[in-house]
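Along the sequence shown, residues carry numbers from 1. Please read these numbers as outputs of a predicted model, since none were measured by experiment.
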Amino acid sequence: FPSFKVATAAIEKATKALKKESPPRERALIHALATLFEWPVTPTAASRKVVYAGTMESISLAPQFANDADLQALAADAVMSLSPWALYTPDKKPTAIAKRAVAILERGLQADPKHMYLCHLRIHADEMGPVEQFDWVSAENLRSTDALDAGHLLHMPTHLDIQVGDYSRAIESNQLAIAADLRQLKRSPERFSIYTGYVVHNMEFCAWAAMYAGRKQVAYEACDQLEGFLDEAKLSSHPILPNFFEAYTTTRLMVHVRFGEWDAILQTRFKPDKELYTAHTLFLHFARGIAYGATGEASKGREEQSKFATILASLTP
């Protein structure tokens, strides 16, 4: 955890710089961050985020910070991070952590309804819950941001669009997000290591929205963008990248299946490097099985099904 070392050093420096006249806000935030990071890292490091979230929540409740949207956003993020992507039960009931987070979000959005960080977090909180409670004001405020090169912000409302069947808006917003991402890539290619995941997510999301909408050409255009961005050279440039991103290379196969492009599937070649292209190999067997079944060659379809099952059984999560 090298970032813990960097963070701990920064916090120690900030703590030493505090004076009696230092603003209460900065004093509170430095105190909270000191509960989150440690160096050297110990086996109990993960439990520190619980303490940090509780500390930030307490700070957010202080009367003098009630209208501090930045601080409320940081507090909501800290609480939400205790249960990432698991804020609701399967029957859409909010967990205790969700209730804590939403209370902070609502307090922050009351202070500043157009706060980008708060709107972003609100969508993440809402997308797991019942659609009738989606905060569309926050979604539209993100969609109308003047940060036109912040691709992830432009994309975020589509997490709600897709769930209510507004596929056209999901396509449109993801196309804007992709264009913004590619502008950033052109300017700062060296900064696209971790952000790679956000770019391919927008491209795949656009393809799936187009699949749901029955817009074949748009879906294939998104596949072209994805494959041009995530080529074999990039995918194989670091050992960790295939684990995170290789599965995205199956998107075109899914489009073929969605639109019944059986000939295109059967003409698709397996990648020579099957170790690198594990998901593509697996899902090409899947797509071939569907194609053979749809064209009346059931025995060949079962052969592909068997190969799919064999590969699947050999994989370790």
Could you walk me through whether Tyr292 and Glu303 pass the side-chain contact (heavy atoms from CB on, under 4.5 Å) test, one step at a time? CA-CA 10 Å; Tyr292 279 129; Glu303 288 177 16; over 6 Å; no

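- Counting only N and O atoms by type, the side chains of Gln217 and Glu221 include a donor and acceptor under 3.5 Å apart.
- Under the 4.5 Å side-chain criterion, counting only non-hydrogen atoms from C-beta, Cys119 is in contact with Leu109.
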Under the side-chain contact (heavy atoms from CB on, under 4.5 Å) criterion, do Ser237 and Leu241 qualify, and how do the steps go? CA-CA 8 Å; Ser237 64; Leu241 291 181; 3.3 Å; yes

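- Leu284 contributes atom CG, which lies 10.5 Å from atom OG1 of Thr249 (distance to the nearest 0.5 angstrom).
- Using a 4.5 Å heavy-atom cutoff, the side chains of Glu246 and Leu230 are not in contact.
- Shown here is His31, whose NE2 atom has no more than 12 heavy atoms of other residues, nucleotides or ligands within 6.0 Å.
- Ile11 has its side chain within reach of Thr15: a pair of non-hydrogen atoms, C-beta onward, lies under 4.5 Å apart.
- Side chain of Gln267 to backbone of Trp262: no donor-acceptor contact under 3.5 angstrom is found.
- In terms of heavy-atom proximity, Leu142 sits nearest to Met116 at CD2-SD, 3.6 Å.
- Both Ile59 and Phe37 belong to a common hydrophobic cluster when Ile, Leu, Val, Met, Phe, Trp and Tyr are linked at side-chain heavy-atom distances under 4.5 angstrom.
- Every residue meeting the ring pair (Phe, Tyr, Trp, His ring centres under 6.0 Å) condition with Tyr167, not counting sequence neighbours, appears here in chain and number order: Tyr212.
- Side chains of Thr35 and Arg48: no donor on one and acceptor on the other come within 3.5 Å.
- One distance of note links CZ of Phe244 with NE2 of His238; it measures 10.5 Å at 0.5 Å rounding.
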Ignoring hydrogens and angles, write down the donor-acceptor pairs under 3.5 Å from the side chains of residues 274-282, residues two or more places apart or on other chains.
unit_1: Thr278; atom_1: OG1; unit_2: Glu275; atom_2: O; d: 3.0
unit_1: Thr281; atom_1: OG1; unit_2: Tyr277; atom_2: O; d: 2.8

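- Using a distance-only test at 3.5 Å, with no hydrogens or angles considered, no donor-acceptor pair links the side chain of Glu297 to the main chain of Gly301.
- Between Glu304 and Ile290, the closest side-chain pair of non-hydrogen atoms is not below 4.5 Å.
- Between His201 and His152, the distance separating the two ring centers is not shorter than 6.0 angstrom.
- Linking Ile, Leu, Val, Met, Phe, Trp and Tyr residues whenever their side-chain heavy atoms come within less than 4.5 Å leaves Tyr117 and Met156 in two separate clusters.
- At a threshold of 4.5 Å between side-chain heavy atoms, the hydrophobic network of Ile, Leu, Val, Met, Phe, Trp and Tyr places Leu71 and Leu61 in two separate groups.
- At least one side-chain heavy atom of Leu185 sits under 4.5 Å from a side-chain heavy atom of Phe229.
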What donor-acceptor contacts under 3.5 angstrom involve side-chain atoms of residues 173-183, with partners at least two apart or in another chain?
unit_1: Ser173; atom_1: OG; unit_2: Arg143; atom_2: NH1; d: 2.9
unit_1: Ser173; atom_1: OG; unit_2: Arg169; atom_2: O; d: 3.3
unit_1: Asn174; atom_1: OD1; unit_2: His155; atom_2: ND1; d: 2.7
unit_1: Asn174; atom_1: ND2; unit_2: Thr158; atom_2: OG1; d: 3.3
unit_1: Asn174; atom_1: ND2; unit_2: Ala170; atom_2: O; d: 2.9
unit_1: Asp181; atom_1: OD1; unit_2: Tyr195; atom_2: OH; d: 2.7
unit_1: Asp181; atom_1: OD2; unit_2: Asn202; atom_2: ND2; d: 2.8
unit_1: Arg183; atom_1: NE; unit_2: Asp149; atom_2: OD1; d: 2.7
unit_1: Arg183; atom_1: NH2; unit_2: Leu148; atom_2: O; d: 2.8
unit_1: Arg183; atom_1: NH2; unit_2: Asp149; atom_2: OD1; d: 2.7

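- Nearest heavy-atom pair, Ala86 versus Thr95, reported as atom, atom and distance to 0.1 Å: O-CG2, 3.9 Å.
- Shown here for Ala76 and Ile104, the closest heavy-atom pair between the two residues is N-CG2, 3.7 Å.
- Judged by a 6.0 Å distance limit and a 45° cone about the ring axis, Lys93 is not positioned over the six-membered ring of Tyr88.
- Between Glu106 and Arg122 there is a salt bridge, since a side-chain N of the basic residue sits under 4.0 Å from a carboxylate O of the acidic one.
- One N or O on the side chain of Ser236 and one on the backbone of Glu232 form a donor-acceptor pair closer than 3.5 Å.
- Rounded to the nearest 0.5 angstrom, Lys92 NZ and Thr89 OG1 are separated by 9.0 Å.
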Could you walk me through whether Leu121 and Met80 pass side-chain contact (heavy atoms from CB on, under 4.5 Å), step by step? CA-CA 9 Å; Leu121 293 174; Met80 289 174 67; 4.1 Å; yes

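- Put simply, Phe205 and Tyr220 are part of the same group of oily side chains (I, L, V, M, F, W, Y) that touch within less than 4.5 Å, one to the next.
- By the 6.0 Å contact criterion, CZ on Phe270 is enclosed, its count of non-hydrogen atoms from other residues, nucleotides or ligands being greater than 12.
- The nearest pair of heavy atoms linking His256 to Ala264 is CE1-CB, 3.7 Å.
- Residues Glu127 and Leu160 are in side-chain contact: their nearest non-hydrogen atoms beyond the backbone lie under 4.5 Å apart.
- Here the side chains of Lys49 and Leu82 are in contact, with some heavy-atom distance below 4.5 Å.
- The aromatic rings of Phe283 and Phe286 stand perpendicular to each other, their planes meeting at an angle above 60°, with 30° marking the opposite boundary.
- With no hydrogens or angles considered, no side-chain donor-acceptor pair links Asn141 and Thr145 at under 3.5 Å.
- For the residue pair Asp70 / His115, a side-chain donor-acceptor distance below 3.5 Å is found, with atom types taken as modelled.
- Although no hydrogens or angles enter the test, the distance criterion places no donor-acceptor pair under 3.5 Å between the side chain of Arg215 and the main chain of Ala209.
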Criterion side-chain contact (heavy atoms from CB on, under 4.5 Å) on Met56 and Val79, from CA distance to verdict: CA-CA 8 Å; Met56 285 300 301; Val79 173; over 6 Å; no

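- Under the 4.5 Å side-chain heavy-atom criterion for ILVMFWY residues, no single connected hydrophobic cluster contains both Met203 and Met211.
- Separation of atoms CG (Leu105) and CD (Gln72) is listed at 9.0 Å; rounding is to 0.5 Å.
- Nearest heavy atom pair, residue Leu118 against residue Ala73, reads CD2-CA, 3.5 Å.
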Given salt bridge (Lys or Arg N to Asp or Glu O under 4.0 Å), test Lys216 with Glu261 step by step and report yes or no. CA-CA 10 Å; Lys216 181 167 65 173; Glu261 304 277 358; 2.9 Å; yes

Would you please test Ser168 and Glu172 for side-chain hydrogen bond (donor to acceptor under 3.5 Å, both in side chains) and show each step? CA-CA 6 Å; Ser168 292; Glu172 178 187 357; over 6 Å; no

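- More than 12 heavy atoms of other shown residues, nucleotides or ligands fall within 6.0 angstrom of atom CG in Leu315.
- Counted within 6.0 Å of CD on Gln110, heavy atoms from surrounding residues, nucleotides or ligands total 12 or fewer; the atom is thus considered open.
- When every heavy atom of Leu74 is checked against every heavy atom of Leu29, the shortest pair comes out as CD1-CD2, 4.2 Å.
- Atom NZ of Lys5 has 12 or fewer heavy atoms from other residues, nucleotides or ligands within 6.0 Å.
- If you run salt bridge (Lys or Arg N to Asp or Glu O under 4.0 Å) between Glu57 and each of Arg100, Lys99, Arg107, only Arg100 comes through.
- Surrounding CG of Asn67 are at most 12 heavy atoms belonging to other residues, nucleotides or ligands under 6.0 Å away.
- Using a 4.5 Å cut-off on side-chain heavy atoms (C-beta onward), Glu190 and Ser188 make contact.
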